[in-house]
Amino acid sequence: MKKFLFKISFYIVAVAAVLLWLGSYADGNTDDNYRHFTGPKPSNMILGDSRGSQALVPDVLDGKLKDRKFDNFSLNLTESPYGQIYLEAIKKKLHPGTKDGIFILTVDPWNVSTGKDVKDAKEYTENTSALADMHFYDMAPNYEYLLKHFPKSWFNIYNDREAVGRSNTYLHKNGWMEVTVDINPADLRKREASKITQYKEFAANQKISRYRLDALEDIIQYLDTKGTVYIVRIPGFKGIMDIENAFSPDFNQIIGSIAQKKKVKFFDFSSQYDQYIYTDGNHMYKESGKVFTARIADSILLDKKMLK
């Protein structure tokens, strides 16, 4: 029996050692979320869904808003719509000593909506998100995340590591999702057409949610004690904006009312949709994102100047 236990313990130690080694190679190629759970904890944050994760580039903000380091903590519509789960995750992610942070909350009708058939909080999509059950947000490697939310073989972590070559969807350490795709006109039109079909179907089954709007207010209220909050509406291309405006014609008024109530600035760029290139009509191409981010930074700088 002792020999058997010795052999088993040796096997367990060997397996654990291999997993620890494989996990140490986790990086921006591992998946679309892993690096959101690695440190250090930020004092300046970008929040929202995948539109925000790709369009707002922290390096640009860092360069224009001196002596600050931004982290893009935007995931996607399924995992980080505005809600209480997102709020609790933000509390865990944010540096506890933050007093003068800048927080950019990106909004669109989709991250403050729920399915029409959703009747109970237990049905919210974010309940299965890593945000719902993660405790550690500043570990690297983060074995908690890999154990809970990396369903593939851990050998994939090693085989797909950044050193071999960056993936087309690469998550930077600062949370920016860099998407690299061909943007020739023919491919763009195909992806735009597909996205229009997807969002028409999506809009038919969604409704603006009072729960999510209240959660947005709760997040603003919490972050307002930690610094300055800005709300930003990111545009998509005309086809997507037409769907959004038909889905929620008074969306800007709804968000504007919240901004006024909470005494924060709302920067609405939705009418400037034709000034940018999009990878699929919904998400901004990375080079356009850099231009867009610079414009947000300039808006913040102007506001800060006016406040002095």
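- By the 30° and 60° cut-offs, the orientation of the rings of H149 relative to Y145 is tilted.
- Under 3.5 Å, the side chains of T180 and K286 contain a donor-acceptor pair of N or O atoms.
- A donor-acceptor pair shorter than 3.5 Å can be found between the side chains of T228 and K304.
- Annotation: cation-pi pair R212/Y124 present, NZ/CZ under 6.0 Å from the ring centroid and within 45° of its normal.
- Of all non-hydrogen atoms in A89 and Y137, the two that sit nearest each other are CB-OH, 3.4 Å.
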- Message: Set out, in order, the CA-CA distance, both residues' side-chain angles and the distance that settles salt bridge (charged side-chain N to carboxylate O under 4.0 Å, His left out) for E192 and R189, then state yes or no.
- Response: CA-CA 5 Å; E192 288 169 354; R189 298 296 86 80; 2.8 Å; yes
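- With respect to D100 and R68, a salt bridge is recorded, a charged nitrogen being found less than 4.0 Å from a carboxylate O.
- Between the side chains of N76 and E79, at least one donor N or O sits under 3.5 Å from an acceptor N or O.
- L77 and V232 end up in the same hydrophobic cluster when Ile, Leu, Val, Met, Phe, Trp and Tyr side chains are linked at under 4.5 Å.
- Relative ring orientation between Y86 and Y82 is described as tilted, the plane-to-plane angle lying within the 30° to 60° band.
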- Query: Going through the distances and angles, do K148 and E144 end up as a salt bridge (charged side-chain N to carboxylate O under 4.0 Å, His left out)?
  - Reply: CA-CA 6 Å; K148 289 180 175 179; E144 181 196 11; 2.8 Å; yes
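- Using modelled atom types, one finds no donor on one side chain facing an acceptor on the other under 3.5 Å when comparing N72 with N174.
- Rounding to the nearest 0.5 Å gives a distance of 8.5 Å between CG of L61 and CD1 of I102.
- No side-chain heavy atom of T98 sits less than 4.5 Å from a side-chain heavy atom of N44.
- Taking each heavy atom of G239 and I196 in turn, the nearest pair found is CA-CD1, 4.1 Å.
- For the 3.5 Å distance criterion, the side chains of D268 and N252 qualify, holding a donor opposite an acceptor.
- A cation-pi contact, defined as under 6.0 Å to the ring centre and within 45° of the axis, links K91 to Y222.
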- Task: In sequence, state the C-alpha distance, the side-chain angles, and the governing distance for D108 and R233, and then conclude on salt bridge (charged side-chain N to carboxylate O under 4.0 Å, His left out).
- Result: CA-CA 6 Å; D108 53 60; R233 185 176 183 185; over 6 Å; no
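- The two residues H36 and G175 have their closest heavy-atom pair at CE1-O, 3.6 Å.
- A donor atom on one side chain and an acceptor atom on the other are found under 3.5 Å apart for N282 and Y199.
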- Message: salt bridge (charged side-chain N to carboxylate O under 4.0 Å, His left out), that's the test. Do K290 and E178 meet it? Break it down for me.
- Response: CA-CA 11 Å; K290 293 172 184 177; E178 180 180 4; over 6 Å; no
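- A donor-acceptor pair shorter than 3.5 Å can be found between the side chains of H283 and D280.
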- Go through the steps for F136 and F37 under the test ring-ring contact (aromatic ring centres under 6.0 Å, His included), then give the verdict. CA-CA 7 Å; F136 300 106; F37 299 91; over 10 Å; no
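- Between W154 and Y143, the ring planes lie parallel to each other; the angle is under 30°, not in the 30° to 60° tilted range.
- Put simply, the residue from I258, L223, L105, I220 that forms a side-chain contact (heavy atoms from CB on, under 4.5 Å) with V264 is I220.
- There is no side-chain donor-acceptor pair under 3.5 Å between S53 and S74.
- A cation-pi contact links R161 to Y158, judged by a cut-off of 6.0 Å to the six-membered ring centre and 45° from its axis.
- A donor and an acceptor atom, one from each side chain of E162 and Y170, are located under 3.5 Å apart.
- No side-chain N or O of N159 forms a donor-acceptor pair with one of N156 less than 3.5 Å apart.
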- Item | Working for side-chain hydrogen bond (donor to acceptor under 3.5 Å, both in side chains), residues K116 and Q206 | CA-CA 5 Å; K116 290 179 179 178; Q206 291 291 109; over 6 Å; no
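- With hydrogens and angles left out, the side-chain atoms of E244 and W110 include a donor and acceptor closer than 3.5 Å.
- No hydrogens or angles considered: a donor-acceptor pair under 3.5 Å links the side chains of N184 and D182.
- With sequence neighbours left out, the salt bridge (Lys or Arg N to Asp or Glu O under 4.0 Å) criterion links D62 to K69.
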